[in-house]
2 protein chains.
Amino acid sequence: MRKLDHVDRQILQILQVDGRIPYTEIAHQLGVSEGTIRSRITRLLQDGVFQFAIQPDPAKLGLKVQAIIGLTTKLGLQQNVAEELSKLSAVRFVGAFSGKHDLIIQACFHSNDELITFVNERLSQIEGIVAADVSLELKQYKDSFSIVHDDEVTLQ
Amino acid sequence: MRKLDHVDRQILQILQVDGRIPYTEIAHQLGVSEGTIRSRITRLLQDGVFQFAIQPDPAKLGLKVQAIIGLTTKLGLQQNVAEELSKLSAVRFVGAFSGKHDLIIQACFHSNDELITFVNERLSQIEGIVAADVSLELKQYKDSFSIVHDDEVTLQ
DNA sequence: AAGATTATTTCGAATTTCGCAAAAAATGGA
DNA sequence: TCCATTTTTTGCGAAATTCGAAATAATCTT
């Protein structure tokens with residue numbers, strides 16, 4: 001039962017802005033030694049609190065078509081469907097939900113054609129999908145992992 | 001009109017796995033010099049193809065409740081609503097969509113209580129929201145920015 | 001093919017990261 | 001409160017990485 005303290009959160013906030021800022025620079029900003037930053041980050045990584053990543057711009061990669069698709073699945077096959085979908089590289093997000101749809105996924109495509117093909121050929125091949133409700137993204141306003149707040153929290 | 005070539009894509013693929021891997025290591029893996037990796041990355045950053053970031057685990061930060069909320073907005077107020085929602089730190093994703101809902105958002109909360117409060121107090125205060133259709137996330141199967149494929153693409 | 005432009009390599013210097021031991025701080029009984 | 005134990009931080013020198021800039025190579029244009 002370890003807690004994230006203020007220093008941990010500050011480190012995460014700084015890294016959210018630039019995931020490759022030197023530890024020495026973080027240390028300077030927070031007024032502690034580089035070693036402290038290093039050991040904190042090592043621990044946060046070990047605890048799985050975060051990972052170093054990159055955030056690509058899908059449009060710049062040619063993935064100009066994004067969609068959120070709500071799926072209805074056959075009872076008992078939901079997990080299978082979710083796992084199959086997770087394997088697809090076009091699919092960026094897969095979750096099981098309460099509400100109108102059993103599964104909701106988010107996926108990126110090069111074109112509308114590719115989206116249609118995905119729905120007609122890929123989804124139809126997965127056993128257990130009863131219905132797919134496609135919402136086409138017209139404009140993106142926000143898409144961020146910047147979810148580190150300042151309140152303290154206990155790790156499970 | 002610049003293209004992402006195979007080297008660019010390989011760099012992105014490597015960085016997707018570990019956003020803090022040394023340039024020398026990438027260079028070694030790809031069989032080019034460190035300087036090339038450096039200049040490629042500098043250009044990719046300048047072109048906005050990607051950013052260095054971290055991917056926090058919401059649950060580890062105490063954000064155990066996630067939801068996708070489909071919103072119906074009053075005609076003409078959609079953009080305003082989207083911008084207001086984007087300001088909220090609990091909100092991670094905001095997009096305008098074709099389909100059943102005008103806007104779809106994704107948000108993280110510490111508790112169900114916080115979610116309810118968000119819907120009842122935060123959303124109701126934003127002018128132009130006609131209806132909110134909340135789907136509570138029961139299980140997350142995939143959530144990734146790993147969307148770099150291998151095909152070449154022209155930058156706009 | 002020559003010249004101009006752009007990209008890559010090379011390499012020494014500056015900076016950062018790493019490993020580790022000592023110091024300091026925090027924790028926990030008695 | 002005092003002392004023992006554990007955890008965290010600090011302070012280095014060594015190793016590795018990044019940076020800047022010039023030299024080389026590749027590409028493009030005419």
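Any value given below was found using the heavy atoms of this structure, including those in side chains, with hydrogens, waters and symmetry copies removed. Below, chains carry the letters A, B, ... as their sequence lines are ordered, and counting in each starts from 1.
Judged as a salt bridge (charged side-chain N to carboxylate O under 4.0 Å, His left out), not a single pair has a partner in residues 120-130 of chain B (not counting sequence neighbours). The salt bridge (charged side-chain N to carboxylate O under 4.0 Å, His left out) contacts involving residues 98-113 of chain A comprise A:K100-B:D133, where partners must be two or more places apart or lie in separate chains. Evaluation of the ring pair (Phe, Tyr, Trp, His ring centres under 6.0 Å) test over residues 113-141 of chain A, restricted to residues two or more places apart or in two chains, returns A:F109-A:F118. Applying the salt bridge (charged side-chain N to carboxylate O under 4.0 Å, His left out) test to every pair with at least one member in residues 74-88 of chain A, sequence neighbours left out, gives these pairs: A:E84-A:K87.
Heavy-atom contacts of chain B under 4.0 Å fall on DNA chain D between two terminal nucleotides, which in 5' to 3' order are D:dT17 to D:dG20.
Under a 4.5 Å side-chain heavy-atom criterion applied to ILVMFWY residues, the cluster that includes A:I68 comprises A:F93, A:F97, A:I104, B:I68, B:F93, B:F97, B:I104 as well.
Residues meeting the salt bridge (Lys or Arg N to Asp or Glu O under 4.0 Å) test with B:R43, sequence neighbours left out: B:D8. Contacts of A:Q78 classified as side chain to side chain donor-acceptor pair (under 3.5 Å), with partners at least two apart in sequence or in another chain: none. Remark: B:F52 pairs with B:F50 by the ring pair (Phe, Tyr, Trp, His ring centres under 6.0 Å) rule, at least two apart or across chains.
Helix-axis bend for the helix from C:dA1-D:dT30 to C:dA30-D:dT1: the local axis fitted to the five terminal pairs at one end deviates from that at the other end by 50°, rounded to 10°.
Side chain of A:R20 to main chain of B:I21: a donor-acceptor pair is present (N/O by atom type, distance under 3.5 Å, no hydrogens or angles).
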Could you go through residues 27-34 of chain B and list every donor-acceptor pair under 3.5 Å that involves a side-chain atom there, pairing it with any protein atom two or more places apart or in another chain?
unit_1: B:Q29; atom_1: NE2; unit_2: B:E25; atom_2: OE2; d: 3.0
unit_1: B:S33; atom_1: OG; unit_2: B:T36; atom_2: N; d: 3.3
unit_1: B:S33; atom_1: OG; unit_2: B:T36; atom_2: OG1; d: 3.2
unit_1: B:E34; atom_1: OE1; unit_2: B:R38; atom_2: NH2; d: 3.2
unit_1: B:E34; atom_1: OE2; unit_2: B:R38; atom_2: NE; d: 2.6

Base contacts versus sugar-phosphate-only contacts with protein, heavy atoms under 4.0 Å: please encode nucleotides 14-24 of chain C as B, S and - from 5' to 3'. --SBBB-----
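C:dA26 atom P lies 16 Å from atom NZ of A:K3, rounded to whole Å.
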